[in-house]
Amino acid sequence: SNKTFRHGRQSGVVRSYQLKMYPNKGKRKELNQLISFWTDKVNHFIKLFWTFEELSGGYPPKEYTRGGRLIRDAAVKAWQIVKGAKKVGVKRRPYYNGNEIDLNEFSAYIIPNLQTREFDLWLNVISLEKRRRLKLPCKKHREFNKALERGELGRSIKIRREGKDYYAIFFFKFAEKKSHNTKVVGIDVGMNHPAVTSDGQRFGDELRELRIRTKWRKYKGLSAYKQALNRTAKEIVKAYPGCDFAVERLLFKGRKGRSRRFRRLNNNWAYAHLAHRLEEMGKVEGFRLWKVNPAFSSIKCPKCGFTRGA
């Protein structure tokens with residue numbers, strides 16, 4: 001996931017990276033107890049804060065954050081949930097369903113200089129038992145190592161449970177790079193051919209079968225099709241170094257843009273996902289994505305607006 005941030009005059013993006021954890025049987029039990037405790041506390045504070053007529057500031061009043069680090073973190077989480085719900089006009093009190101915990105730098109952090117033969121990253125995580133910490137092993141992957149080299153590791157960590165698996169989510173800040181490219185490559189987005197560039201190269205043709213095969217599957221995170229589109233975006237950027245990209249601004253929202261049959265057959269066509277992914281990658285890699293009107297897109301320059309033959 002990606003999120004834009006601003007620090008002073010510097011702007012950039014925040015990206016999250018997920019590592020799988022490998023707790024033993026005893027630590028799994030403690031993690032489950034930790035998640036249950038956290039869930040109960042967050043919902044307790046949601047019920048309390050929902051009665052407030054006004055919620056100002058990014059953090060709850062100090063009298064509600066006393067009682068330990070987990071209590072404070074749970075109160076902050078509940079404050080953010082309630083504040084966000086009231087901001088958009090939600091009438092019904094929200095409910096936190098658990099399965100993940102937000103922990104600050106004191107509640108969870110990477111143990112420096114600790115590696116074993118099997119695991120190259122270890123976390124020190126708070127537990128429900130006083131003065132006891134959980135040491136949880138993880139395995140890095142290539143993208144995480146790249147983020148360590150190029151970005152600034154954030155102080156907060158999420159721990160997520162998905163079925164019988166556990167994951168640690170880390171956040172990295174990347175300074176936003178400006179594009180100085182002079183060449184623009186057009187990308188035509190379609191269902192049968194997910195990406196066709198202006199010079200005729202095709203990317204992701206094999207994804208059509210994947211989209212059809214996974215049409216009715218439900219995913220907690222990104223669908224398999226969107227994950228494949230992320231890989232396609234990387235392939236495109238690698239194939240065109242030093243280039244900006246232009247993608248049609250497609251809008252198929254609501255019934256006006258699509259027939260009922262079209263929506264039924266293609267409900268998982270993520271037509272805007274590739275453009276969104278390229279746009280976020282460009283902020284870090286130093287290229288720009290131009291979103292253009294589909295009309296005359298094949299003969300109109302996205303930068304200067306000149307239309308050939310007009």
Side-chain angles (χ1 to χ4, degrees), residues 1-4 13 15 143 176-217 219 221-310:
S1 64
N2 304 279
K3 187 177 181 181
T4 302
V13 293
R15 284 186 175 179
E143 294 300 322
E176 185 172 349
K177 294 183 180 179
K178 299 298 182 182
S179 171
H180 301 288
N181 301 326
T182 57
K183 184 178 179 181
V184 181
V185 176
I187 301 175
D188 183 27
V189 177
M191 288 183 293
N192 295 330
H193 307 296
V196 181
T197 58
S198 50
D199 59 1
Q201 286 201 58
R202 291 181 177 179
F203 294 86
D205 277 6
E206 71 282 0
L207 302 189
R208 180 177 183 273
E209 182 181 347
L210 173 66
R211 182 175 63 82
I212 295 173
R213 189 172 67 248
T214 61
K215 184 178 186 303
W216 302 111
R217 292 184 188 175
Y219 296 88
L222 288 180
S223 67
Y225 182 61
K226 287 184 177 180
Q227 292 179 45
L229 286 176
N230 287 350
R231 295 192 292 270
T232 300
K234 292 180 181 178
E235 293 173 5
I236 294 172
V237 173
K238 185 177 181 180
Y240 294 94
C243 294
D244 288 346
F245 299 95
V247 179
E248 293 178 340
R249 187 187 292 109
L250 299 176
L251 294 175
F252 292 115
K253 293 182 179 180
R255 298 182 179 180
K256 185 177 180 181
R258 298 178 286 182
S259 67
R260 180 181 298 178
R261 184 174 183 274
F262 183 96
R263 295 196 305 273
R264 185 178 67 253
L265 294 177
N266 305 287
N267 64 335
N268 67 335
W269 178 37
Y271 58 87
H273 185 79
L274 182 66
H276 175 73
R277 181 59 177 160
L278 286 170
E279 186 174 27
E280 293 298 332
M281 289 179 65
K283 295 175 182 178
V284 178
E285 302 294 339
F287 64 84
R288 181 172 177 181
L289 180 80
W290 301 82
K291 294 182 181 180
V292 299
N293 191 316
F296 307 108
S297 60
S298 60
I299 59 175
K300 184 176 181 180
C301 175
K303 282 191 174 182
C304 67
F306 172 74
T307 303
R308 185 174 67 239

Is the CD atom of E206 crowded by more than 12 outside heavy atoms at less than 6.0 Å?
-> yes
Kindly compute the distance separating CD (E279) from CZ (F287), expressed to the nearest 0.5 Å.
-> 9.5 Å
Donor-acceptor side-chain pairing of Y240 and N181 below 3.5 angstrom = no
With a 4.5 Å heavy-atom cut-off, do Q201 and I236 have their side chains touching?
-> no
Heavy atoms, side chains only, cut-off 4.5 Å: are M281 and V237 in contact?
-> yes
Beyond-backbone contact of P194 with D205, side-chain heavy atoms, under 4.5 angstrom | yes
Once you round to the nearest 0.5 Å, how far does CD of E285 lie from CD of E176?
-> 12.5 Å
Could you give the distance from CG (L229) to NE2 (H276), rounded to the nearest 0.5 Å?
-> 12.0 Å
Are R15 and E143 ion-paired here, with the side-chain N under 4.0 Å from a carboxylate O?
-> no
Could you give the distance from CG (D188) to NE2 (H193), rounded to the nearest 0.5 Å?
-> 9.5 Å
If every non-hydrogen atom of G204 is compared with every non-hydrogen atom of T232, which pair is closest and at what distance?
-> CA-OG1, 4.1 Å
Report the residues that fulfil salt bridge (charged side-chain N to carboxylate O under 4.0 Å, His left out) with E235, sequence neighbours left out, ordered by chain and then residue number.
-> none
Side chains of I187 and L278 in contact at under 4.5 Å (non-hydrogen atoms) = yes
Step by step, would you call N230 with H273 a side chain to side chain contact (heavy atoms under 4.5 Å, CB included)?
-> CA-CA 8 Å; N230 287 350; H273 185 79; 2.8 Å; yes
